[in-house]
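Only one structure is covered here, and it is reproduced in the block below.
Residue numbering restarts at 1 for every chain, and letters A, B, ... go by the order of the sequence lines. Keep in mind that the numbers below use all heavy atoms, side chains included, and drop hydrogens, waters and symmetry copies.
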There are 2 protein chains.
Amino acid sequence: MTKADDFDLQAFLPYLLNQAAEEASLGFQKVYKDRYGLLRSEWRVLFHLGIFGRLTATEIGAKGKVHKTKVSRAVQRLADRRLVKRARSEEDRRVEWLELTPAGEKVYRDLREVAQAYEGRLLAQLNEAEVQVLKCMLLKLAGRS
Amino acid sequence: MTKADDFDLQAFLPYLLNQAAEEASLGFQKVYKDRYGLLRSEWRVLFHLGIFGRLTATEIGAKGKVHKTKVSRAVQRLADRRLVKRARSEEDRRVEWLELTPAGEKVYRDLREVAQAYEGRLLAQLNEAEVQVLKCMLLKLAGRS
DNA sequence: TGGTAATAGTTGATTTTGTAACTAACAAGC
DNA sequence: GCTTGTTAGTTACAAAATCAACTATTACCA
């Protein structure tokens with residue numbers, strides 16, 4: 001006997017979003033993990049620095065909605081591997097300015113290209129107009145607009 | 001000096017999907033966590049059993065794309081709390097049939113209502129047509145269609 | 001000043017997840 | 001029957017995430 005319950009789990013937005021997000025992350029994750037041994041939080045920090053140039057840990061946390069302990073540990077590992085340079089601020093000695101080293105820049109530029117190509121393949125499944133709608137709605141749901 | 005890098009992280013699909021998924025999960029998570037002390041993998045197992053009635057751990061894993069160790073541990077905790085009943089199959093003594101206990105049913109029905117109401121609030125931000133497009137595309141990206 | 005609160009970032013303890021190895025039961029071929 | 005391979009599910013160990021407490025520094029204000 002099969003239960004007759006009409007709740008559609010596949011269509012439940014939080015569930016569906018998670019499935020799509022996981023699936024969409026896989027291909028890119030494979031690259032930053034296999035090629036550079038990075039974690040999710042680490043490529044995110046790397047990208048923030050690649051895009052914005054010089055930030056504090058707190059700024060990265062705010063921009064990316066990442067908890068400060070995650071940022072702290074990501075920065076630690078990136079600095080250990082000489083991909084990120086830390087410099088204590090002179091004005092406020094609690095603050096540490098972070099930026100990519102040349103090696104970090106190189107990794108960033110490589111991964112940025114991979115990201116762009118990968119996203120291209122993902123979006124190839126959809127048409128132009130759909131992509132616009134999709135991204136706009138995701139931004140709304142993410143509370144970014 | 002601010003770097004001039006035009007890569008838009010907010011618009012990078014895997015990143016954006018993750019942000020939206022996390023944000024969209026928060027409100028529901030709060031309920032199943034605070035009210036019943038459940039983890040994400042646990043409510044998923046619970047819902048699968050609520051919807052489909054009687055399944056094996058392997059079936060749940062296949063339907064929900066969840067690794068068997070996660071299912072195993074979720075079932076263990078749910079069984080400890082008498083929300084799920086396990087019964088060794090007679091035909092094949094490797095498999096275990098899982099179903100909700102009356103207490104599990106009760107939790108499921110409560111959470112299902114919460115889920116429906118919560119999704120309603122989420123979708124209120126968007127219009128009817130947008131929702132159709134969104135879900136359809138997420139299904140595609142999730143590899144479900 | 002001096003005292004309290006706030007902020008930047010780190011560390012430690014606990015929980016949760018991921019990977020791989022494992023046990024037990026069945027299946028198939030000889 | 002016996003061997004080999006497969007499947008269901010668990011367990012052990014390592015990796016990672018989470019939460020709270022902590023240090024150091026600055027800000028506020030009586």
Looking at A/K68, does any N or O in its side chain come under 4.0 Å of the phosphate oxygens OP1/OP2 on C/dA8? no

Rounded to whole Å, how long is the line connecting atom CD of A/E91 with atom P of C/dT7? 19 Å

Nearest nucleotide by nearest heavy atom, which residue falls closer to the 5' end of DNA chain D, B/T69 or A/S41? B/T69

Output the rounded distance in Å from CH2 (A/W97) to C1' (C/dG9). 14 Å

Specify the separation, in whole Å, of atom CZ of A/R88 and atom C1' of C/dG9. 7 Å

Base of D/dT25, side chain of A/R93 - is there a donor-acceptor contact under 3.5 Å? no

Separation of B/R73 atom CZ from D/dA8 atom P, in whole Å? 19 Å

Measure from the ring center of A/F47 to the ring center of B/Y15 and say whether it is less than 6.0 Å. no

To the nearest Å, give me how far apart CD (A/Q29) and C1' (C/dT19) are. 14 Å

Hey, is the side chain of A/R77 poking within less than 4.0 Å of OP1 or OP2 on D/dA16, counting only N and O atoms? yes

Taking CD from B/E59 and P from D/dT7, how many angstroms apart are they, rounded to a whole number? 15 Å

Look at the side chain of A/S72 and decide which nucleotide, out of D/dA17, D/dA8, C/dT10, has an atom nearest to it. C/dT10

With a 4.0 Å cut-off, would you call A/E105 and A/R109 a salt bridge? yes

To the nearest angstrom, how far is B/D92 atom CG from C/dT23 atom C1'? 15 Å

Touch check for B/T56, heavy atoms < 4.0 angstrom, all strands: base, sugar-phosphate only, or nothing? sugar-phosphate

Could you state the CG-P distance from B/L39 to D/dT18, rounded to the nearest angstrom? 12 Å

salt_bridge(B/K135, B/E119) N-O dist < 4.0 Å: yes

Indicate yes or no: does B/E42 engage B/R73 in a salt bridge with an N to O separation below 4.0 Å. no

By nearest-nucleotide position on DNA chain D, the 5'-leaning member of B/V75 and A/K33 is B/V75

Report which part of the nucleic acid B/R86 touches: base, sugar-phosphate, or nothing (heavy-atom distance under 4.0 Å, all strands). sugar-phosphate

Give a yes/no answer on whether the side chain of A/Q76 brings an N or O atom under 4.0 Å of OP1 or OP2 in C/dT11. yes

Could you tell me whether A/R54 and A/E99 make a salt bridge, using a distance below 4.0 angstrom between a side-chain N and a carboxylate O? no

